[in-house]
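Inspection log for the structure reproduced underneath, given as structure tokens.
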2 protein chains.
Amino acid sequence: MTVPLSRPLVLEPNSAADPCAHCDARHASVCNAIPDGDMARLAAAAVVMEAAPGTSFINEGDPANYFFNVTRGTAKLFKLLPDGRRQITGFVGVGHFLGLAVSETYAFSAEAIDHVRYCRFSRTRLRALLDDYPLMEKRLLEVASNELVAAQEQMLLLGRKTARERLASFLASQSRLGVSCRHPRTRFSLPMTRGDIADYLGLTIETVSRTLTKLRSEGLIEIPSATEVVIRAPGALERLAGGAA
Amino acid sequence: MTVPLSRPLVLEPNSAADPCAHCDARHASVCNAIPDGDMARLAAAAVVMEAAPGTSFINEGDPANYFFNVTRGTAKLFKLLPDGRRQITGFVGVGHFLGLAVSETYAFSAEAIDHVRYCRFSRTRLRALLDDYPLMEKRLLEVASNELVAAQEQMLLLGRKTARERLASFLASQSRLGVSCRHPRTRFSLPMTRGDIADYLGLTIETVSRTLTKLRSEGLIEIPSATEVVIRAPGALERLAGGAA
DNA sequence: TCCCGGCGTTGACGCAGATCAAGGCAGGTG
DNA sequence: CACCTGCCTTGATCTGCGTCAACGCCGGGA
């Protein structure tokens, strides 16, 4: 769920001065499909909102009245089974769109991991916006297509990879986050907890912890702190991860 | 990956006489976004093709030059790991679109299960088509959004459900196929093998077989033949399946 | 300062589902 | 007809990961 296009699309008006969370470039905040002069119209349709860490701002099953664009921070998307088992379907960062689905209700919940800022559009206004800016619709189709590819990759991971391979895939993909700006990083921090990682990879907390420890003891990675990772053997990790991941 | 919209969108020209594979209604073959008079143009961009059972017509990694619309039969989409482990990411039937991704190469393979007919568009022509018919682009966005929702549901299944729950979810969703026309069916046939089901649900053939046998011995289903299923206790099955599935 | 609660790590043990193995059945072929 | 091959089923055994449990660390609050 985290294949960014060439450049994060941030719909929030007047945020041109904010540095991108994933790299230190300063992206234009203007949707490249919307002429600068029309930003006022966009601003009228959007409400900038914030969510504190641990707060959810989309609840599975609620009426899907809004459409979101994350402009800062990281959130987790997840689905729950009646007995509480949780599957995190993705971590979404700056530029990500949420709530595309045609359905009447949201198919997943979204919860802020760190401090999240997002831009909220009413769906009816979004519809009008899309009618006026077909380029934006085209862009959304690209985004959705990319997410679909990422989702299939994740299915391969969940259905067929071992715990070891899952962690390797996860670390490899985290190291590639925000790569529109840079090469894969060898050192990065994980904003999410071990529990989140477990629920994302279809494992338990204990298995995640154990497997990370094992990868460390084998010299593939270093773990300076619980939220920090250094990739010591990118090639080996990539090979372990299997396909693209 | 199999949430059909209200009505399968079949782009194949001149196929109005073919009954839908999922129900006995005869759908118009004309994309509802394209005026009837323009069908000639559509026909010029499309090539109708066939794939015999077991034949693959998309190969992961190949240059993504075409875009497909399935007009008859059922195909399986899958990804492979280097050592041959396979994850089927979806079964696609009449009306499904394939190859949306923006990437240069296909992210998955597609293989015909029964006799498949599909309509092939060159991507460059598709792009021109979409420019002329924004309604069609809108429709594709809806389709992609729906598939995304289905993909998230499948991640929940692969990451968090037991074998029993996976089979129940699978049977429940199969019973809902083509439901645009009818209520969930209590009896239907499975065009795919046990191996395909296993690779779709992230299990082994043996577990699929055993679990189906168990569900049968418990009176939840009947299995008149290997390719035929009767749901005897839809409510219980749905409950077992967990969420929406 | 101490206490406390959340998070992470590690160990011992158990189990769901994988693996290995054998045999049945149906359809295709000579 | 006999034979073969692919698919399915069933049984016995194995194992990767889940479960249960204990403990260490760290940050916040009084």
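Values reported hereafter were calculated over all heavy atoms of this structure, with side chains retained and with hydrogens, waters and symmetry mates removed. So you know, we letter chains A, B, ... as the sequences are listed, proteins then strands, and number each from 1.
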Rounded distance in Å - [atom1] ([X]) to [atom2] ([N]):
| X | N | atom1 | atom2 | result |
| --- | --- | --- | --- | --- |
| M192(B) | dC8(D) | CE | P | 11 Å |
| L167(B) | dC8(D) | CG | C1' | 14 Å |
| L158(B) | dA16(C) | CG | P | 20 Å |
| R216(A) | dG8(C) | CZ | P | 14 Å |
| I205(A) | dG6(C) | CD1 | P | 13 Å |
| R194(B) | dT10(D) | CZ | P | 10 Å |
| K214(A) | dT9(C) | NZ | C1' | 16 Å |
| D196(B) | dG6(D) | CG | P | 15 Å |

Atom pair CZ/OG1 of R210(B) and T204(B) - distance to nearest 0.5 Å: 7.0 Å
Nearest to the side chain of T162(B), heavy atoms from C-beta on, is which of dT10(C), dG17(C), dC17(D)? dG17(C)
Is R160(A) reaching over with its side chain to a backbone N or O of R86(B), donor-acceptor style, under 3.5 angstrom?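 Answer holds: yes.
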Return yes if some donor-acceptor pair links the side-chain N/O of R166(A) with the main-chain N/O of K161(A) below 3.5 Å, else return no. yes
Using a cutoff of under 3.5 Å, can you pull out all pairs of nitrogen or oxygen atoms linking the protein to nucleotides 18-20 of chain C, with atom names and distances?
unit_1	atom_1	unit_2	atom_2	d
dA18(C)	OP2	T204(B)	N	3.4
dA18(C)	OP2	T204(B)	OG1	3.0
dA18(C)	OP2	T207(B)	OG1	2.4
dT19(C)	O4	R210(B)	NH2	2.7
dC20(C)	N4	E206(B)	OE2	3.1

N/O (side chain, S209(B)) to phosphate O (OP1/OP2, dT10(D)) under 4.0 Å: no
Considering just the side-chain nitrogens and oxygens of T213(A), establish if one lies under 4.0 Å of OP1 or OP2 belonging to dT10(C).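 Indeed, a polar side-chain atom of T213(A) lies that close.
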Option from L77(A), L98(A), I58(A) for which side chain to side chain contact (heavy atoms under 4.5 Å, CB included) with Y106(A) holds: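 Filter result, single survivor: I58(A).
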Lys/Arg-Asp/Glu bridge criterion (N-O < 4.0 Å) met for D114(B), R72(B):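 The answer is no: the pair does not qualify as a salt bridge.
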In F67(B), F68(B), Y66(B), the residue satisfying ring-ring contact (aromatic ring centres under 6.0 Å, His included) with F97(B) is F67(B)
So F170(B) and Q174(B), do their side chains get closer than 4.5 Å, heavy atoms only? yes
